[in-house]
Amino acid sequence: MATAAAELTVARKPADCKPSPRAQRLARATEHLVQATHATYGGDYVLHGMLDELVTHYVIALEALLAGRESEGLTRRVGQRAAALHLTDEARTDAEDMDRRAYAERSIYAHGTPPPAREKDRFPESDLPRLRQLTYRVLLRWLVLWAPDAKDQPQPHQQHQQHQLLDRSLISRQVAGKKIEEPLRLQGICPPVC
């Protein structure tokens, strides 16, 4: 998948032209998604001690697609943008909750904080398949809405516009319906109630 994304991001571009920021983010997201997916066996089995690394890979993949230039409120912003790509309240709430809990686990791991003493405060291994599904759903929906194509030219402002659109769709039903929901339904990503 990462190789295909890399090939897609440089299709028919002059050799001296580097991929757009959007294409670079797609390549980074797929690289981390593939690494996390390959580290699990049979989809659910996780080697002892690898849960933190896998959660971190999924969080990086989500960040690559949904984080903007702003660093303040990053956890909240990425969770809300992931939620904006889902169409029902239940799916939005689940996406934001999963992202927030994954971020908390990643922070514990990345900052060298001792893990919580109580197991109930940790990201449960049983939720890893749901985090993987969320990351794949976000990637697929991101591709439907903003996939780079052969005409993709480096446009630094474009990524910012994508994030503004996701943020705006959280407060405007019209924007959510026209710019997010309608294109996803037209591509068959979401039935009328997803």
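Since this is a predicted model, take the numbers as computed values, not measurements.
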**Q** Is there a donor-acceptor pair closer than 3.5 Å between any side-chain N or O of Arg106 and the backbone N or O of Val59?
**A** no

**Q** Can you name the nearest heavy-atom pair linking Val55 to Ala102, along with the distance?
**A** CG1-O, 3.4 Å

**Q** Would you say Val138 and Leu62 make side-chain contact, with heavy atoms under 4.5 Å?
**A** yes

**Q** Can you name the nearest heavy-atom pair linking Pro124 to Leu51, along with the distance?
**A** C-CD2, 4.4 Å

**Q** Hey, are the side chains of Tyr58 and Thr37 touching, using non-hydrogen atoms and a 4.5 Å cut-off?
**A** yes

**Q** Mind checking the CG-CZ spacing from Leu134 to Arg130? Nearest 0.5 Å is all I need.
**A** 9.0 Å

**Q** I'd like to check Leu145 versus Leu165 (side-chain heavy atoms, cut-off strictly below 4.5 Å). Are they in contact?
**A** no

**Q** Side-chain contact, heavy-atom cut-off 4.5 Å: Leu65 with Val78?
**A** no

**Q** Only one of Glu181, Arg137, Arg92 passes side-chain hydrogen bond (donor to acceptor under 3.5 Å, both in side chains) with His86; say which it is.
**A** Arg137

**Q** What residues form a side-chain contact (heavy atoms from CB on, under 4.5 Å) with Arg76, not counting sequence neighbours?
**A** Gln80

**Q** Salt bridge between Arg100 and Asp97, side-chain N to carboxylate O under 4.0 Å?
**A** yes

**Q** Taking the side chain as every heavy atom from C-beta outward, state whether Gln161 and Trp146 have any pair of such atoms under 4.5 Å apart.
**A** no

